[in-house]
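Order of the sequence lines sets the chain letters (A, B, ...), proteins ahead of strands, with each chain counted from 1. If you're wondering where the values come from, they're calculated on a predicted model, not measured in any experiment.
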Amino acid sequence: MKRIDLHLLGPLVALIALVILGALLNSAFLAPANITNVLARSAFIGIIAVGMTFVITAGGLDLSVGSMAAFLAGVTIIAMNAALPGVGENWGTILIGMGVAILGGIIAGTVNGLLITKARIEPFIVTLGTMGIFRSLVTWLADGGTLSLEYGLRTLYRPVYYGGIGWITWPIIVFAIVAILGEWTMRHSRFGRHVEAIGSNDRVARYSAIDVNRVKLLTYLLLGLLVGLATVLYVPRLGSASGSTGVLWELEAIAAVIIGGTALKGGRGRVWGTVIGVLILSLIDNILNLADLVSPYLNGAIQGVIIVLAVVLQREKRTAEER
Amino acid sequence: MDAGFAMTVLALQNVSKSFGPIQVLHGVDLALEPGEVHALIGENGAGKSTIMKILGGFLDPTEGQILLDGKPARFASGPEAEAQGIIVIHQEFNLASDLTVAANVFLGRELGGFRLNHAAMREETAALLKRLNTTISPDAKIGNLSVPDRQMVEIAKALSRNARVLIMDEPSAVLTHREVGTLYEQIDRLRAEGVAILYCSHRLDEVAHLADRITVLRDGRVVRQAMRGELTEDGMATAMVGRELEDFYPPKGDPSAEIALQVRGLTVPGRVHDVSFALRKGEVLGISGLVGSGRTELAEGLVGLRSSTGDIQVNGKPVRISDLRHAFAAGLAYLTEDRKEAGLLLEKGLRVNLTLATLERFGKWRIDTRAEDKALDRATEDFDIRAKDRNMLAGKLSGGNQQKLLLAKTMLPDPDIIIIDEPTRGIDVGTKRQIYAFIRKLASEGRSLIVISSEMTEVIGLADRVLVMREGRLAGEVTGDAMTEDNIVRLAMGVGSDGGKAA
């Protein structure tokens, strides 16, 4: 009864091809250290892209996530530095920081969602606006420079990015959990079904007694929460935030979603596909860095070709199905 | 047929068409003569649209040939057929909704050179629209026009192309009474000018009125050809279905005296004013009225899809309905008239569509797909949904099966009061009859139904009592022997009545 999802097959084949290519080009590619590195770096975009999958599937879009992550990182660092004298150099302070990041993400996502559902402004416009606002706020908070976490806290916090179980670091573990929960929610929960229905035709959803605005709002809230979670994992990596943190993350996340087979017009969500999309994007980067075939500066160009190609291939499959 | 063959503009000769292993047309002969309205009728799936597509150059026949002026022709595409003067008015509008009426009428063959001649296009469009007795402005944006107005623009567009052959696919389905009159006038005028017209319709009264020649299709074969006056409406229906259609409508019921739904002073701002009525248990209450008289708005206001004021009592208890979920809780359900845009997710499967409004019944956290499958099995059986494959998309079902699926979806919460808006729009005669039987069966189970319909024969045949709306108000009510087309039209148009009593 269970059939293989054709929309997932293409990206999966591409991913496997990339892994084989990487292994052939450089023997260091399959080394645990390299794999850990690729996966950990995928985790930030990956966690955000899972949330983006829900937003896009419901027919929305969020351009603000990269700026939002930078802003949340800035606020988190300021909050931890401020709590340091009172709470001390311990996990209490770090937990406060984590709480600020997650709560801030929820609030930021809710603001986006309310502007879209209550004020009825196009998602593209709303998030283009908040993208600028968050970016500007973090630059202002950093006074044009860099916000840095106090040295002691940074040392304490470091293992959250670099540590883990064996060579599987925490970001990888969190990414895996988010992906599994995301897939389950999209596939098996009422919320996921409603998200797909709204993206497919929101009028039908409304006539089926679905609270369309609430579901849409929840997708933005969920995305904000996941941006907060990604920030929690990102801050210990460098221990700083600036106006150039998280630049273009939104586009990478959207690209991963599209490569993974989710329809940009909504209605069809593929969380596994998104995970594959994220991995494809990071592998291209990694392979270009390891092999000397093509300049790593052409990374963006190759990613761009892949995105366009993915959409073209999916379109042809669709017309074939329609016959 | 043979005598006039030399005059024939466009003809199909022994045309067959197969899609893969499925043959949908079997040796069809059809000849369109100038100055003649040729009606093509048949149930959904009989092959009407395939014939229209072949004539219009959108499909090639598998066997047989198309004759244009007696010579074999083959059109590579729709535009090529159009260049030969063969114009198709599609049921799905081919209009760009962000462009103006004039821009649409001249789309693809704009007047002027490097700079468009806006004035000339506007003037010509205005003249065409005037000929159609409409008040549509050539500068209006298509997106802002009502559905009937869009159909009129589509007709104006066809008129502007100097058609030799005009192929019309149910042009009157979405038009109001007055506009249908204008449409008939234009068809008469085109006929007098020598245009050959192929007219597809589900409305047999209109076929009897318009057609000079009738071709009846059944299962891809021509089963009957007749000239004007040779075939009654009954005869047409019989030929289409292939069996006698006695008892087309189920026998009327015997509603109890108990009031299921009492509505007092229902008002939907700007659309419906102060409507009061009662619905009895086991009753089928018809609501009639012209398009735009506020029938759909009344229903949508009642179930919370539009904001409304007024008192509603269900089984004697007052309820407040400001949201569709409240209506569900009160035991009300509404089946929309807009099957494709508000009823079903065309890109999703049958199962997802069936349970969409009642998902909370299928598992608390995880959706129980097995229970959903069982519900689909039951619905397929109860409502005789014919799907080739249960995993197919709802959009791939025929109109009749889509409507049955939508009915099954509406009935899934087990409502006591069901409002059905246009129960049989765009579906074939056989399925219509089935749906009427379903509706009567639901009433006999003690449920109460409101049936809104533009087809007067349907309301009269189906309902125990009919309310007539006009300009957002209740214009009157007819029951028993007073339920005649004449009385309903009088109430709907606001002219004096001798049968119905004004409310």
Side-chain angles (χ1 to χ4, degrees), chain A residues 1-7 56-59 117 122 180-215 218 261-271 314-315 317-323, chain B residues 19-20 299-300 303-306 321 323-329 332-349 351-370 372-373 390-396 406 409-410 412-413 415 421:
Chain A
M1 192 63 211
K2 206 170 172 112
R3 295 187 307 176
I4 298 162
D5 190 338
L6 282 174
H7 292 292
I56 289 179
T57 304
T117 56
E122 289 281 325
I180 290 167
L181 286 179
E183 169 69 15
W184 189 90
T185 306
M186 184 69 89
R187 207 64 29 243
H188 299 298
S189 79
R190 205 149 58 221
F191 175 69
R193 186 73 68 84
H194 286 175
V195 163
E196 284 204 323
I198 289 168
S200 188
N201 185 334
D202 63 347
R203 197 151 162 245
V204 174
R206 198 165 78 83
Y207 276 68
S208 301
I210 294 170
D211 193 338
V212 173
N213 277 347
R214 184 170 159 270
V215 174
L218 280 175
T262 295
L264 186 58
K265 67 177 175 55
R268 191 186 68 221
R270 299 282 181 273
V271 175
Q314 280 168 23
R315 165 138 9 107
K317 210 171 290 160
R318 277 174 73 82
T319 44
E321 277 167 16
E322 271 158 20
R323 263 181 214 134
Chain B
F19 293 105
E300 293 191 347
V303 297
L305 281 164
R306 285 172 187 268
I321 298 174
D323 188 296
L324 189 56
R325 281 171 290 277
H326 301 160
F328 274 34
L332 265 78
Y334 171 64
L335 190 152
T336 171
E337 62 171 339
D338 197 347
R339 179 165 69 226
K340 294 188 173 173
E341 281 303 314
L344 296 175
L345 296 172
L346 301 180
E347 298 165 4
K348 298 278 172 208
R351 180 169 54 85
V352 169
N353 271 293
L354 178 68
T355 60
L356 190 61
T358 37
L359 268 185
E360 66 286 345
R361 289 167 187 239
F362 296 89
K364 186 168 161 47
W365 293 103
R366 190 184 210 279
I367 299 172
D368 184 351
T369 40
R370 218 173 290 160
E372 281 188 294
D373 275 325
R390 58 185 298 136
N391 292 316
M392 74 192 287
L393 303 182
K396 300 271 190 253
L406 185 55
K409 174 186 170 187
T410 310
L412 206 56
D421 201 348

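Looking at A:Asp202, there are no atoms closer than 4.5 Å to chain B (heavy atoms on both sides), in backbone or side chain.
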Return a table of donor-acceptor pairs under 3.5 angstrom between the side chains of residues 355-364 of chain B and protein atoms on other chains or two or more places apart.
{"residue": "B:Thr355", "atom": "OG1", "partner": "B:Arg351", "partner atom": "O", "Å": "3.2"}
{"residue": "B:Thr355", "atom": "OG1", "partner": "B:Glu372", "partner atom": "OE2", "Å": "2.6"}
{"residue": "B:Arg361", "atom": "NH2", "partner": "B:Pro413", "partner atom": "O", "Å": "3.4"}

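With A:Asn201 contributing its side chain and B:Leu344 its backbone, the two residues share no donor-acceptor pair below 3.5 Å.
The OG atom of A:Ser208 lies 11.0 Å from the CG atom of B:Leu412; values are rounded to the nearest 0.5 Å. A distance of 14.0 Å separates NZ in B:Lys340 from CZ in A:Arg203, rounded to the nearest 0.5 Å. Here A:Arg206 contributes atom CZ and B:Thr336 contributes atom OG1; the two are 10.0 Å apart, rounded to the nearest 0.5 Å.
When only modelled atom types and interatomic distance are considered, A:Tyr207 and B:Glu300 share a side-chain donor-acceptor pair under 3.5 Å.
The minimum heavy-atom distance between B:Leu324 and A:Ala209, with the atom names listed, is CD2-N, 3.4 Å.
Listed options B:Asp338, B:Asp323, B:Val303, B:Leu346 were ranked by heavy-atom pairs under 4.5 angstrom with chain A; first place goes to B:Asp338.
Between B:Trp365 and A:His188 the shortest side-chain heavy-atom distance does not fall below 4.5 Å.
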